[in-house]
Amino acid sequence: MSGLFGIDVPVLASVLLVVLAVPLALAAYRMVTGPGYADRFVALDMLTAVAVAFAALTALATGSSAFLDVGLGLALINFVATCAVAAFLERKGGDE
Amino acid sequence: MSAVLDVLGLLAILVGIVFLIIAAIGVVRLPDALQRMHGATKAGTLGATLVVLGVAGISGQGLFTAGLTVLVLLLTLPVGAQLLGRAAYMSGATLRDLHGPDPLRGILDRRSLPLEERTDGGRSASDRKA
């Protein structure tokens with residue numbers, strides 16, 4: 001992993017990490033200001049997808065592939081969290 | 001061979017980041033929860049998957065973990081979105097720009113007020129009787 005078109009790979013990955021802060025900030029904005037609980041939960045789902053991408057790019061920036069395992073763990077936790085949150089919304093939801 | 005993989009990986013990462021940004025813009029700007037989910041789920045899944053694939057292509061290590069992550073993302077994010085959308089509809093989340101009648105009326109139960117606007121603490125009718 002010497003370089004990509006003469007650019008150092010960790011430096012390139014760090015720049016891409018900064019760019020990835022844009023979707024993170026947008027999703028966090030919706031999560032903080034979202035008018036309803038459903039909006040916040042959707043934004044949480046989105047935040048985790050961005051976090052998986054963050055973990056993958058960090059693996060490239062540090063050269064340690066252990067961060068890919070972090071991404072896998074985040075993806076798994078995301079599913080459990082979404083199921084729990086959906087069950088919460090639904091149990092508070094149905095009218096008899 | 002390695003140079004080709006590098007170029008493909010970098011391209012995948014860039015396209016994935018663009019998709020993630022588009023998904024985030026959709027989450028902020030679309031008018032109600034179900035439409036926001038429409039933006040976040042499709043574009044968000046594709047973006048995260050492309051970034052993981054690109055990183056695996058460039059670094060050339062952790063291929064098994066990266067493949068497993070992509071598989072988990074592709075399998076679980078649509079299922080989670082379906083669960084969340086059903087729950088959002090049933091909990092009475094506000095729907096905007098609905099053209100024509102509500103096609104789910106009579107199929108799924110739906111509360112008349114969203115959770116944050118209810119004053120009974122979100123208890124169901126059977127709870128109140130008890």
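Here the structure is a predicted model, which is why all the values come from computation and not from measurement. Values below: all heavy atoms of this structure, side chains included; hydrogens, waters and symmetry mates excluded. The sequence lines fix the lettering, A, B, ..., with proteins before strands; numbering per chain opens at 1.
The distance from atom CG of D39(A) to atom CD of Q35(B), rounded to the nearest 0.5 Å, is 11.0 Å. Of the inter-residue distances, the one linking R91(A) atom CZ with M90(B) atom CE reads 12.5 Å to the nearest 0.5 angstrom. To the nearest 0.5 angstrom, L74(A) atom CG is 10.0 Å from L73(B) atom CG.
With contacts defined as side-chain heavy-atom distances shorter than 4.5 Å, the pair M46(A)/L20(B) qualifies. At a threshold of 4.5 Å between non-hydrogen side-chain atoms, the residues I17(B) and L57(A) count as touching. Considering only heavy atoms from C-beta on, L10(B) comes within 4.5 Å of L12(A) through its side chain. Residues V72(B) and N78(A) fail the side-chain proximity criterion, which asks for heavy atoms closer than 4.5 Å.
For chain B, the option among C83(A), A66(A), A13(A), G36(A) with the highest count of heavy-atom pairs below 4.5 Å is G36(A). Residue with the most contacts toward chain B among A81(A), A55(A), A53(A): A53(A) (heavy-atom pairs, distance under 4.5 Å). For the set T48(A), V50(A), D69(A), V19(A), the count of heavy-atom pairs under 4.5 angstrom toward chain B peaks at D69(A).
At a threshold of 4.5 Å between side-chain heavy atoms, the hydrophobic network of Ile, Leu, Val, Met, Phe, Trp and Tyr places L76(A) and V80(A) in two separate groups. In the hydrophobic clustering of this structure, L30(B) does not group with L84(B); members are Ile, Leu, Val, Met, Phe, Trp, Tyr whose side-chain heavy atoms approach within less than 4.5 Å, directly or through other members. In this structure, L26(A) is a member of the same hydrophobic cluster as L16(A), with clusters built from ILVMFWY side-chain heavy atoms closer than 4.5 Å. By the criterion of side-chain heavy atoms lying less than 4.5 angstrom apart, applied directly or through intervening Ile, Leu, Val, Met, Phe, Trp or Tyr residues, V55(B) is not grouped with L50(B); the two fall into different hydrophobic clusters. The cluster map of Ile, Leu, Val, Met, Phe, Trp and Tyr, joined by side-chain heavy atoms under 4.5 Å apart, puts V27(B) and I21(B) in the same cluster.
Across all their heavy atoms, D45(A) and L77(B) have their closest contact at OD1-CD2, 4.0 Å. The nearest pair of heavy atoms linking Q61(B) to G63(A) is NE2-O, 3.6 Å. Contact record, G44(B) with A49(A): O-CB, 4.2 Å, taken as the closest heavy-atom pair. Heavy-atom minimum distance, V51(B) versus A56(A): CG1-CB, 4.2 Å. Closest approach of V42(A) and A33(B) over heavy atoms only: CG2-O, 4.0 Å. When all heavy atoms of S59(B) and L60(A) are compared, the pair lying nearest together is CB-CD1, 3.9 Å.
More than 12 heavy atoms of other residues, nucleotides or ligands shown are found within 6.0 angstrom of CZ on F54(A).
I22(B) does not touch chain A: none of its heavy atoms, backbone or side chain, sits under 4.5 Å away. Contact of F41(A) with chain B is made through backbone and side chain together, with heavy-atom distances under 4.5 Å. With a 4.5 Å cut-off on non-hydrogen atoms, L14(B) touches chain A through its side chain but not through its backbone.
Checking V70(B), L68(B), V52(B), L71(B) one by one against L72(A), the side-chain contact (heavy atoms from CB on, under 4.5 Å) holds for a single residue, L68(B).
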